[in-house]
Amino acid sequence: MYVRNNLRWRVIWKFSWKGLLVFTLYSLLICLVYGPVGFHSLSIPWQPVATLGIAVSFYIGFKNNGSYDRFWEGRQLWGGIVNYSRTWAIQALEYVTSVVDAPGVEAPAASHAELSLRHRRLVYRQIAWANALRLQLRRQIDQWDTQVAPFLDPAESREMQRKQNPSAHLLRQQAADLRVLREERGLLNDFQHVNMMTSIEQFNNLQGGCERIKNTPFPRQYAFYSFMFVWIFAALLPLGLIGEFVKMGPDHIWLTVPFSVLVSWVFYIIEMVGHSSENPFENEMNDVPMTAICRTIEIDLREMLGETHLPPKLAPIDDILY
């Protein structure tokens, strides 16, 4: 996610130079053929070109709204992951405290060491789940050993890494631990168990929402036609402008170049902005900063455990927060 208030010129140039080069060369070619060569049949009435421009602007506006909705939904889903992760940590720390009134359970009182171990296991597995989901969405599962494994027991980490959907199995393991805490250790009563299972249900819903966006590409018919219409408009634009400028005098035909390039560039950039927002989980400049969000979750949850040696928050790299 780009975090600077204003885009740097090098960023603008990175996304613009190819289009600017094509538009400039094409407009110069039209002016050369119309002026020095004298092929005046290139000129077309301005009115149909303007009408086409209005239609294209409506179309790419519709497409960009859809693209932004996908990005914003992805960001909301990860905002929910942050909130429910904090809720999970609070539930683990405040519910799993001592022997409770669990009918039919006969278990000795849990020691402070056992409680600390169970707290850490539940909280660390939640951090692992968030990072595993991030790696799955970005197709970076090869980073498991550095991003997920440190928060799991070695045996559990190896087992989860072999799964088709590690994140789903981590949630299943959380549910299995809750069953042990309730039925075997008597550390959760029915109400607490239901509350924590509700949190797991929310994690499943949030993960499913992210997977839906990831596995359902932006409809290609909208994306393709938007791209094609912009280039058709850019191709017709100098043909319509040159006839308007020639009315000001023969030498004014060269004004077609800067004006057609400017208008074409605006449409081109609007199209590019929408294109860059279509898939918010690709680790690109304008995507959801899942790495930074996972680090925030890690810091918050480990601090709730009472840890003091915490990693720093991630800083933007070249104004981009990943």
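We use all heavy atoms of the structure for the numbers below, so side chains are in, but hydrogens, waters and symmetry mates are not.
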- Task: Identify which one of Asp145, Ile141, Leu152 satisfies the side-chain contact (heavy atoms from CB on, under 4.5 Å) criterion when paired with Gln161.
- Result: Asp145

- Message: Please check this pair: side chain of Ser264 against backbone of Val261, looking for a donor-acceptor N/O pair closer than 3.5 Å.
- Response: no

- Query: Picking from Trp254, Trp265, Phe245, what satisfies ring pair (Phe, Tyr, Trp, His ring centres under 6.0 Å) with Phe259?
  - Reply: Phe245

- Task: Can you label the angle between the Trp231 ring and the Tyr268 ring as parallel, tilted or perpendicular, going by 30° and 60°?
- Result: perpendicular

- Flag, side chain of Ser27 to backbone of Thr24, donor-acceptor distance under 3.5 Å: no

- Message: Asn83 vs Arg86, test: side chain to side chain contact (heavy atoms under 4.5 Å, CB included). Steps then yes/no.
- Response: CA-CA 5 Å; Asn83 295 340; Arg86 293 168 180 159; 3.9 Å; yes

- Would you indicate whether Gln221, at its atom CD, is surrounded by more than 12 heavy atoms from other residues, nucleotides or ligands within a distance under 6.0 Å? yes

- Message: Measuring only between side-chain heavy atoms, which start at C-beta, is Ile60 closer than 4.5 Å to Phe229?
- Response: no

- Query: Atom CD1 of Ile30 and atom CG of Leu239: how far apart are they, to the nearest 0.5 Å?
  - Reply: 4.5 Å

- Query: Are the charged groups of Arg138 and Glu284 less than 4.0 angstrom apart, N to O?
  - Reply: no

- Pair Trp144-Ser157, side-chain donor/acceptor within less than 3.5 Å: yes

- Take Leu305 and Leu93 through the side chain to side chain contact (heavy atoms under 4.5 Å, CB included) test and state the conclusion after the steps. CA-CA 8 Å; Leu305 286 172; Leu93 294 171; 3.8 Å; yes

- Query: Between the side chains of Tyr95 and Asn195, does any donor sit under 3.5 Å from an acceptor?
  - Reply: yes

- Answer yes or no: is there a donor N or O on one side and an acceptor on the other, between the side chain of Thr216 and the main chain of Ile213, under 3.5 Å? no

- Item | Among Ile293, Leu137, Leu77, side-chain contact (heavy atoms from CB on, under 4.5 Å) partner for Val288 | Ile293

- Query: Once the angle between the rings of Tyr222 and Tyr59 is folded into 0 to 90°, is it parallel (under 30°), tilted (30 to 60°) or perpendicular (over 60°)?
  - Reply: tilted

- Is atom OH of Tyr124 surrounded by more than 12 heavy atoms (other residues, nucleotides or ligands) closer than 6.0 Å? yes

- Message: Looking at every heavy atom in both Ala89 and Met304, which two are closest together, and how far apart are they?
- Response: CB-SD, 3.6 Å

- Query: Quick one: CZ on Phe281 to CG on Asp287, what's the gap to the nearest 0.5 Å?
  - Reply: 9.0 Å

- Less than 4.5 Å apart, any side-chain heavy atom of Leu237 and any of Trp46? yes

- Message: Keeping Trp88 on the side-chain end and Leu122 on the backbone end, is there a donor-acceptor pair under 3.5 Å?
- Response: yes

- Any sub-3.5 Å donor-acceptor pair from Ser260's side-chain atoms to Pro238's backbone N or O? no

- Query: Are Glu159 and Arg162 close enough for a salt bridge, meaning some N to O gap below 4.0 Å?
  - Reply: no

- Task: Please tell me if the side chains of Thr198 and Val194 come closer than 4.5 Å, counting only heavy atoms from C-beta onward.
- Result: yes

- Message: Quick test of your reading of the model: are Arg125 and Asp177 salt-bridged, counting only N-O distances below 4.0 Å?
- Response: yes

- Query: Transitively linked via ILVMFWY side-chain contacts under 4.5 Å: Leu52 with Phe58?
  - Reply: no

- Query: For the atom pair CE (Met160) and CZ (Arg172), what is the distance rounded to the nearest 0.5 Å?
  - Reply: 8.0 Å

- Quick check: does any side chain N or O of Asn64 sit under 3.5 Å from a backbone N or O of Ile270, one acting as donor and the other as acceptor? yes

- Query: Ser167 and Gln136: side-chain donor and acceptor closer than 3.5 Å?
  - Reply: yes

- His252 side chain vs Met248 backbone, donor-acceptor pair below 3.5 Å: yes

- Query: Does any non-hydrogen side-chain atom of Ile200 lie less than 4.5 Å from one of Leu178?
  - Reply: yes

- Query: Got more than 12 heavy atoms from elsewhere within 6.0 Å of OH, Tyr225?
  - Reply: no

- Message: Check this for me: does any side-chain nitrogen of one of Glu282 and Arg139 sit under 4.0 Å from a carboxylate oxygen of the other?
- Response: no

- So, are Arg70 and Glu73 salt-bridged, with charged N and O less than 4.0 Å apart? no

- Any side-chain heavy-atom pair from Ile12 and Trp9 closer than 4.5 angstrom? yes

- Query: For Phe218, does the CZ atom sit with more than 12 other heavy atoms under 6.0 Å from it, leaving out its own atoms?
  - Reply: yes

- Would you check if there is a donor-acceptor pair between the side chains of Gln207 and Trp129 at a distance under 3.5 Å? yes

- Taking the side chain from Ser276 and the backbone from Val273, do they hold a donor-acceptor pair closer than 3.5 Å? yes

- Message: If you define the side chain from C-beta out and look only at heavy atoms, does anything of Val123 sit under 4.5 Å from Arg302?
- Response: no

- Task: Run the numbers on Arg121 and Leu117 for side chain to side chain contact (heavy atoms under 4.5 Å, CB included), then give the verdict.
- Result: CA-CA 6 Å; Arg121 185 175 182 179; Leu117 180 62; 5.6 Å; no

- Query: Sub-3.5 Å donor-acceptor pair from the side chain of Asn189 to the main-chain atoms of Phe191, do we have one?
  - Reply: yes

- Message: side chain to side chain contact (heavy atoms under 4.5 Å, CB included) for Gln126 and Phe203? Distances and angles first, verdict last.
- Response: CA-CA 10 Å; Gln126 175 58 30; Phe203 291 135; 3.4 Å; yes

- Query: Could you give the distance from CG (Asp142) to CD (Gln147), rounded to the nearest 0.5 Å?
  - Reply: 10.0 Å

- Message: Does atom NE2 (His275) have a neighbourhood of more than 12 heavy atoms from anything else shown, all under 6.0 Å?
- Response: no

- Contact check, side chains of Gln192 and Glu94, non-hydrogen atoms, under 4.5 Å: no

- More than 12 heavy atoms of other groups within 6.0 Å of Phe233 CZ: yes

- Message: Please find the pair of heavy atoms, one from Pro316 and one from Leu321, that lie closest to each other, and give the distance.
- Response: N-CD1, 3.9 Å

- Item | Trp78 vs Arg134 side-chain heavy atoms within contact, under 4.5 Å | yes

- Task: Give a yes-or-no answer on whether the side chains of Asn165 and Glu211 include a donor-acceptor pair shorter than 3.5 Å.
- Result: yes

- Message: Ignoring hydrogens, what is the shortest heavy-atom contact between Glu278 and Ser67? Give both atom names and the distance.
- Response: CG-OG, 3.6 Å

